[in-house]
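In what follows, a structure is listed as structure tokens, so that the remarks can point back to it.
In this text, all values refer to a predicted model and were calculated from it rather than measured experimentally. Just the heavy atoms: all of them, side chains too, but no hydrogens, waters or symmetry mates, feed the values below.
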Amino acid sequence: MKRLEDIISAIMAEPENQTFTERGIAPLVAAPRTAKIVIVGQAPGSRAEATGMYFNDPSGDNLREWLGIDREMFYNSGLIAVVPMDFYFPGTGKSGDLPPRKGFAEKWHAQMFDLMPEVELVILIGKYAQQYYLNQPKSAKLTETVRHFQAYLPRYFPLVHPSPRNNIWQKKNPWFKETVLPELRKHVAEILGKS
């Protein structure tokens, strides 16, 4: 079986990632063998890239609150993995960060998941992760996917991105805090409580 270090070396050696490797930027990913929960997001943000730490920003603070866990559990327990749709910051566009590069997840995710035989829950943050893992068409509406989260359990739990930019979305959709987040915390607590 491949080791995480071998996969990361292969990722860094890919021509498409050379601009990052040449600047000393490593892929932002965590795939501990003991992971019970995998978080599949979009891609690291600029702050995460600058600090070399995924979800090290207000979005990460919100996500940990949603999950009902602290930074110690998130980063150091070996129970939480983070495998985004792209392991590098893709840059900024007119309305925020650019989307993850196409084909990146197809190339690397299965190898990452092979390293984690004990995964019980995959949290899908945003439309790119949801379209990929739930085999959705591009026309699928994120709001409806998140609203009907129970249809994807027990393996997957779809979420909106925890960015503060989505506070307006949350105000328009109060059911998210009232219904979805309590269920998310319950599932997370049950899984981590068994460890």
**Derivation and outcome, side-chain contact (heavy atoms from CB on, under 4.5 Å), residues Trp108 and Phe113** = CA-CA 9 Å; Trp108 303 110; Phe113 273 85; over 6 Å; no
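- In this structure, CD in Glu16 is found 9.5 Å from CD1 in Ile11, a value given to the nearest 0.5 Å.
- Looking at Asp70, its side chain does come within 3.5 Å of a backbone N or O of Met73 through a donor-acceptor pair.
- Residues His187 and Leu153 approach most closely at NE2-CD1, 3.5 Å, considering heavy atoms.
- Contacts of Asn173 classified as side-chain hydrogen bond (donor to acceptor under 3.5 Å, both in side chains), with partners at least two apart in sequence or in another chain: Trp175.
- With rounding to the nearest 0.5 Å, the separation of CG in Asp97 from CZ in Phe89 is 4.5 Å.
- Side-chain contact between Pro84 and Gln42 is absent, with no heavy atoms from C-beta onward closer than 4.5 Å.
- Arg33 contributes no side-chain N or O that, together with a main-chain N or O of Pro117, makes up a donor-acceptor pair within less than 3.5 Å.
- Formation of a donor-acceptor pair under 3.5 Å by the Gln130 side chain with backbone atoms of Pro158 is not found in this model.
- Residues Val82 and Val29 approach most closely at O-CG2, 3.2 Å, considering heavy atoms.
- Contact check for Ser59 versus Pro164: side-chain heavy atoms found under the 4.5 Å cut-off.
- Taking NZ of Lys172 as the start and CG of Asn167 as the end, the distance is 12.5 Å to the nearest 0.5 Å.
- Every side-chain hydrogen bond (donor to acceptor under 3.5 Å, both in side chains) that Tyr133 has, sequence neighbours left out, goes to His109.
- The shortest side-chain heavy-atom distance between Val40 and Ile123 does not fall under the 4.5 Å cut-off.
- Within the 4.5 Å cutoff, no side-chain heavy atoms of Leu79 are placed close to those of Ile37.
- Nearest heavy atom pair, residue Ala105 against residue Met85, reads CB-CE, 3.6 Å.
- Contact of the Tyr75 side chain with the Arg64 side chain is registered, since non-hydrogen atoms from C-beta on lie closer than 4.5 Å.
- Here Leu28 contributes atom CG and Tyr88 contributes atom OH; the two are 9.0 Å apart, rounded to the nearest 0.5 Å.
- Summarising the geometry of Ile125 relative to Pro162, their closest heavy-atom pair is CG2-CD, 3.8 Å, with the distance given to 0.1 Å.
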**Request:** Start with the C-alpha gap between Val160 and Trp66, add the side-chain angles, then the distance that decides, and say whether side-chain contact (heavy atoms from CB on, under 4.5 Å) holds.
**Result:** CA-CA 11 Å; Val160 66; Trp66 290 1; 3.8 Å; yes
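- Pro27 and Met12 make their closest contact through CD-CG, 3.5 Å (heavy atoms, listed as atom of the first residue, atom of the second, distance).
- Looking only at distances, no side-chain donor or acceptor of Gln136 sits under 3.5 Å from a matching main-chain atom of Thr145.
- Annotation: the span from Asn166 atom CG to Leu159 atom CG amounts to 11.0 Å, rounded to 0.5 Å.
- Within 6.0 Å of CZ on Arg155 lie more than 12 heavy atoms contributed by other residues, nucleotides or ligands.
- Looking at Phe87 and Asn17, their side chains never come closer than 4.5 Å, going by heavy atoms from C-beta outward.
- Phe157 and Phe149 have parallel rings, their planes meeting at less than 30° on a 0 to 90° scale where 60° marks the start of perpendicular.
- Nearest heavy atom pair, residue Lys177 against residue Pro182, reads O-CD, 3.2 Å.
- Taking hydrophobic clusters as Ile, Leu, Val, Met, Phe, Trp and Tyr residues chained together by side-chain heavy-atom distances below 4.5 Å, Leu98 does not share a cluster with Phe20.
- Although no hydrogens or angles enter the test, the distance criterion places no donor-acceptor pair under 3.5 Å between the side chain of Arg3 and the main chain of Leu115.
- No donor-acceptor pair closer than 3.5 Å links the side chain of Thr179 to the backbone N or O of Phe176.
- Annotation: salt bridge (Lys or Arg N to Asp or Glu O under 4.0 Å) contacts involving residues 101-112, sequence neighbours excluded, comprise Glu14-Lys107, Asp86-Arg101.
- Residues Thr34 and Glu118 bring no donor and acceptor atom of their side chains to less than 3.5 Å of each other.
- In this structure, the side chains of Ile25 and Glu49 come closer than 4.5 Å at one or more pairs of heavy atoms.
- At least one side-chain heavy atom of Met116 sits under 4.5 Å from a side-chain heavy atom of Val83.
- Rounded to the nearest 0.5 Å, atoms CD1 (Ile69) and CG (Leu192) are 6.5 Å apart.
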